[in-house]
Amino acid sequence: MRLYNTLTRGLAELPDPPGPIRMYFCGPTVYQRAHIGNARPFVLGMWLRDWLRFRGYTATLVHNITDVNDKIYDAAPGRSAELAAEATEWYLQDTGDLGLGMPDELPKATDAVPEIVDFIGKLVESGHAYPVEGDVYFRVAGDSGYGRLSGQRPDQVEEQEPNPLKEDPRDFALWKATKPGEDTSWDSPWGKGRPGWHIECSAMAEAAFGPSFEIHGGGLDLVFPHHENELAQSSALGHEFAHVWTHNGMLEFGGEKMSKSLGNDVSIRNVVDTWGREAVLLFFLGTHWRKPIPFSDEVLVQAQAQVDAFRNFFLDERPGDEEGQAILYDELIPILDDDFNTPEALAVFHAWRDREEWASLRWALGLFGLGSVAEIAEAPDEVVQLAERRREARSAKDFGEADRLRGEIDAAGWEVRDVAEDPGFRLVRK
RNA sequence: GGCGCCUUGGCCGAGUGGUUAGGCACAGGUCUGCAAAACCUGGUACACCGGUUCGACUCCGGUAGGCGCCUCCA
């Protein structure tokens, strides 16, 4: 199994199974409904974990939630903790509704404060960090390897807004002293405060996995400074940290990155409700994980059309009858083992559909949370009766009545199709 | 200013130094009371300019355009 590694800018070969593959993926900051772009690393992480398990690895996925942060304070003055808790629930619901199950652990930053404080303490002791007036900053100048993940040259990094407490403008906060208006805080050797953004991931990842693990994932926009800083913190303690770094491409909307701050985001909730979870998954499946995806109604329409095509296929193949069909693992494994090329896998699925390899297709779709397209919905009795009355009207050549009944069936949420075999019609949920 | 990525037929989107990607849409056809579904047929695309090569969409250089990061961001 090979995956593109941001750190080396090349493909990394994972150790052979069954060795553990421990994956830490960065999750959202919770202060509003998560947008569809946030779903990409979630979906990728789940798919990858499940694929690795299928391939014989012992794979675990830890997906963190950032529940203390300036955005949250700003969004809910005086009740930031309540908002964070509420938005965390939204996130769990919305990602849960994608039907992929859940990561093995979903740690929250606020639950990891002791580990974070301990981590910072070690950085201070070893001279990699310094406390100033209740804040603690990481000393970038002391890190000769700084920039190796993102390719940034420390001397070229644009200056941020001046902060007189910092020794160097590039230093970043590990611990922030409580400011007026902030309604949550924790005790620390440096006074009351709360964690900086980057340290939580180093602390939580190492709490879950120890000082080194196999894969760290997240959005491409996190490479710098977030992941660079995580790497710097852990490296400062002599830890390898992540062996392979995976960064998924951004969703774009109207030619720009979709993001909350640009205000062009569409919620996971909204997209799933509008297009259905299968279409959303197929939308992600159709583009390689490292590439940007232009988000548009047209693309979702195309995804939905493919979902319908697979669903229609299983309608005709009488699901459950898989005698004599071997599953064609060999056609899929090389594709997904090579940097997890899901678009090419999708092409294989279409080929299997053409060749009526329904056992393989059902198995493969199931791997990606799309097993439901192979399930046939049973129409309720009243709809079946409408269809029977329509069949009778048709045989009596009363097509006006037949069309009227078709309208009733449609209004009940079903589509009736005439077929040659018994009972002469087929009912499909719309 | 620095770091990095991208440009494929109407749309989405893989891939390869020389052989059909695939899907969606569209058109025609078969079937059908009509429709839907299904099936058949229909387009040799790879930003531009050079170079390397027997041969480049695929390698190298440049040009144009677009995107991401360098500030919270999946």
Side-chain angles (χ1 to χ4, degrees), chain A residues 6 9 25-29 31 34-45 63-64 66 69-72 74 147 149-161 170 172 197 217-228 247-252 255-262 265 268 282-283 285-288 290-296 298-313 315-316 335 338 341-351 353-354 393-395 397-400 402-403 406 410 415-420 425-426 428 430:
Chain A
T6 305
R9 309 210 177 268
F25 272 52
C26 281
T29 299
Y31 63 98
H35 65 73
I36 188 67
N38 290 292
R40 178 117 98 142
F42 177 90
V43 169
L44 174 65
H63 187 63
N64 80 288
T66 299
N69 163 299
D70 286 333
K71 291 275 188 188
I72 304 172
D74 292 345
L149 176 65
S150 62
Q152 293 289 333
R153 301 199 332 239
D155 58 312
Q156 289 291 346
V157 172
E158 272 190 353
E159 288 216 355
Q160 305 162 29
E161 55 186 85
R170 298 163 303 172
F172 56 89
W197 178 33
L220 192 59
D221 54 350
L222 297 183
V223 176
F224 192 91
H226 186 50
H227 288 167
E228 189 72 62
H247 290 102
N248 59 272
M250 300 289 98
L251 258 66
E252 295 173 353
E256 292 185 298
K257 182 177 77 162
M258 179 181 290
S259 78
K260 294 173 199 169
S261 33
L262 288 172
D265 57 310
I268 300 174
L282 209 131
F283 161 73
L285 195 70
T287 301
H288 187 95
R290 283 194 278 123
K291 293 254 179 140
I293 311 184
F295 178 89
S296 67
E298 187 175 6
V299 173
L300 268 297
V301 166
Q302 294 180 8
Q304 206 175 44
Q306 294 187 66
V307 170
D308 288 342
F310 285 122
R311 190 166 269 139
N312 284 326
F313 168 77
L315 239 38
D316 286 340
I335 291 169
D338 186 10
N341 192 336
T342 58
E344 208 168 338
L346 180 57
V348 169
F349 298 169
H350 283 290
R353 185 172 58 111
D354 284 346
R394 287 185 67 226
S395 37
K397 306 281 186 203
D398 185 354
F399 297 120
D403 289 346
R406 177 160 57 199
D410 183 85
E415 178 187 326
V416 61
R417 296 176 186 167
D418 302 327
V419 297
F425 59 82
R426 173 173 293 137
V428 182
K430 291 171 55 191

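Below, chain A is the first sequence line, B the second, and so on; all start at residue 1. None of the values given here were measured: they were computed from a predicted structure.
Within 4.0 Å (heavy atoms only), Gly249(A) reaches at least one base atom of the nucleic acid. The residue Val416(A) sits close to a base: some heavy atom pair falls under 4.0 Å. When heavy atoms are screened at a 4.0 angstrom cut-off, Leu44(A) is found touching no nucleic acid atom at all. Contacts of Asp70(A) with the nucleic acid, taken as non-hydrogen atoms under 4.0 Å apart, are absent. If you check every strand for non-hydrogen atoms under 4.0 Å, Arg394(A) touches a base. Within the nucleic acid shown, Arg290(A) has no heavy atom closer than 4.0 Å to any nucleic acid atom. Within 4.0 Å of Val299(A), counting heavy atoms only, lie sugar-phosphate atoms of the nucleic acid but no base atom. No contact: Gly147(A) has no heavy atom under 4.0 Å from any strand.
Remark: Thr29(A) is in phosphate contact with A74(B), judged by side-chain N or O atoms under 4.0 Å from OP1 or OP2. For Lys257(A) and C69(B), the shortest distance from a side-chain N or O to OP1 or OP2 is below 4.0 Å.
A distance of about 36 Å separates the P atoms of A27(B) and G18(B), rounded to the whole Å. Of the P atoms belonging to U7(B) and A47(B), the separation is 8 Å, rounded to the nearest Å.
Comparing C34(B), C12(B), C24(B) by their closest approach to the side chain of Ala305(A) singles out C24(B).
One can place CG of Asn248(A) at 20 Å from P of C67(B), the figure rounded to the nearest angstrom.
Applying the side chain to side chain donor-acceptor pair (under 3.5 Å) rule to His63(A) yields the partners Tyr91(A); only residues at least two apart in sequence or on another chain are considered.
Remark: the Arg426(A) side chain and the A36(B) base include no donor-acceptor N/O pair separated by less than 3.5 Å. For G23(B), its base never sits under 3.5 Å from the side chain of Gln306(A) at any donor and acceptor pair.
Of the two residues contacting RNA chain B, namely Gly151(A) and Asp403(A), the nearest-nucleotide position lying further toward the 5' end is that of Gly151(A). Annotation: of the two residues near RNA chain B, Lys260(A) and Gly400(A), the 5′-most nearest-nucleotide partner is Gly400(A).
For NZ of Lys397(A), the number of neighbouring non-hydrogen atoms (other residues, nucleotides, ligands) closer than 6.0 Å is 12 at most.
In this pair, His227(A) and His247(A) present their aromatic rings tilted. The plane angle is within the 30 to 60° band.
Shortest non-hydrogen contact noted between Arg353(A) and Ala309(A) is NH1-CB, 3.6 Å.
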Show the distances under 3.5 angstrom between N or O atoms of the protein and N or O atoms of nucleotides 14-16 of chain B.
residue: A14(B); atom: OP1; partner: His288(A); partner atom: N; Å: 2.8
residue: A14(B); atom: O3'; partner: Asn341(A); partner atom: ND2; Å: 3.2
residue: A14(B); atom: O2'; partner: Glu344(A); partner atom: OE1; Å: 3.2
residue: G15(B); atom: OP1; partner: Asn341(A); partner atom: ND2; Å: 3.2

